[in-house]
Enquirer: 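Supplied in structure tokens, the structure appears directly below.
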Amino acid sequence: MKLNEILYFEYIKRSRKAAIILEDCRYECECTFENLVEELQPYDFAVNHRGCLVNLRHIEKIQGFHIYLDNGKELSLAQKRSSDFREEMNKFLQKTQRRE
């Protein structure tokens, strides 16, 4: 699987695993959420709320405290993380505009 195909990661606390969510399927892997965040941050992933790491490439829009993905899925945005997340999104958009 390619990083671009991953929509988001969701931490499953009770089993200490992470669910890898793609457009049409879901996988689980054993890893710590902190390690995922650290390893994937350089690849345009950001934490939108506790236990969820979203791929910035798949965000269509952010409205209030809701994130809408390009596949129609809606994720919540924690109020506490809102400003940091929006800053990460802005950096990502600036970076991608420079490439075009």
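By convention here, the first residue in the shown sequence is residue 1. For clarity, every value in this text was computed on a predicted model and none was experimentally measured.
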Enquirer: Let me have the donor-acceptor pairs involving side chains of residues 8-17, under 3.5 Å, with sequence neighbours excluded, atom names and distances please.
Expert:
none

Enquirer: Not counting sequence neighbours, which residues clear salt bridge (Lys or Arg N to Asp or Glu O under 4.0 Å) with Glu87? List them please.
Expert: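 Scan of Glu87 (salt bridge (Lys or Arg N to Asp or Glu O under 4.0 Å), adjacent residues dropped) gives Lys91.
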Enquirer: How far does CG of Leu40 sit from CG of Leu56, to the nearest 0.5 angstrom?
Expert: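 It comes to 11.0 Å.
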Enquirer: With a 4.5 Å limit on heavy-atom distance, are the side chains of Phe85 and Leu77 in contact?
Expert: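 Of all side-chain heavy-atom pairs linking Leu77 with Phe85, at least one is under 4.5 Å.
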Enquirer: Restricting to side chain to side chain contact (heavy atoms under 4.5 Å, CB included), what partner residues turn up for Tyr27, sequence neighbours left out?
Expert: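 Tyr27: side chain to side chain contact (heavy atoms under 4.5 Å, CB included) contacts with Met1, Ile20, Leu22, Cys25.
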Enquirer: How long is the span from the CG atom in Asp84 to the CG atom in Asn48, to the nearest 0.5 Å?
Expert: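 Answer rounded to 0.5 Å: 12.5 Å.
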Enquirer: Any side chain to side chain donor-acceptor pair (under 3.5 Å) pairs touching residues 65-81, not counting sequence neighbours?
Expert: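 Qualifying pairs: His58-Asp70, His66-Glu74.
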Enquirer: Do Val54 and Leu69 come within less than 4.5 Å of each other through their side chains, counting heavy atoms only?
Expert: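 Yes, close enough: below the 4.5 Å cut-off.
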Enquirer: Just by distance, do the side chain of Ser82 and the backbone of Ala78 share a donor-acceptor pair under 3.5 Å?
Expert: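 Pair absent, no side-chain N/O of Ser82 close to backbone of Ala78.
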Enquirer: Can you tell me how far the CD atom of Gln41 sits from the CG atom of Leu53, to the nearest 0.5 Å?
Expert: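 Between Gln41 CD and Leu53 CG, I get 9.5 Å after rounding to 0.5 Å.
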Enquirer: In chain order, what residues pass the side chain to side chain donor-acceptor pair (under 3.5 Å) check against Asn35, with sequence neighbours excluded?
Expert: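 Once residues adjacent in sequence are excluded, the partners of Asn35 under the side chain to side chain donor-acceptor pair (under 3.5 Å) criterion are Thr32.
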Enquirer: Can you name the side chain to side chain donor-acceptor pair (under 3.5 Å) partners of Asn4, sequence neighbours left out?
Expert: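 With neighbours one apart ignored, the set is Arg57.
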Enquirer: Could you check whether any side-chain heavy atom of Asn55 comes within less than 4.5 Å of a side-chain heavy atom of Leu7, counting everything from C-beta outward?
Expert: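 Side chain of Asn55 against side chain of Leu7, heavy atoms only: no contact under 4.5 Å found.
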Enquirer: Quick one: side chain to side chain contact (heavy atoms under 4.5 Å, CB included) partners of Arg50, sequence neighbours excluded?
Expert: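 Arg50: no side chain to side chain contact (heavy atoms under 4.5 Å, CB included) contacts found.
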Enquirer: Looking only at heavy atoms, what is the nearest atom pair of Phe45 and Leu3, with distance?
Expert: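 Closest approach of Phe45 to Leu3, heavy atoms only: CZ-O, 3.9 Å.
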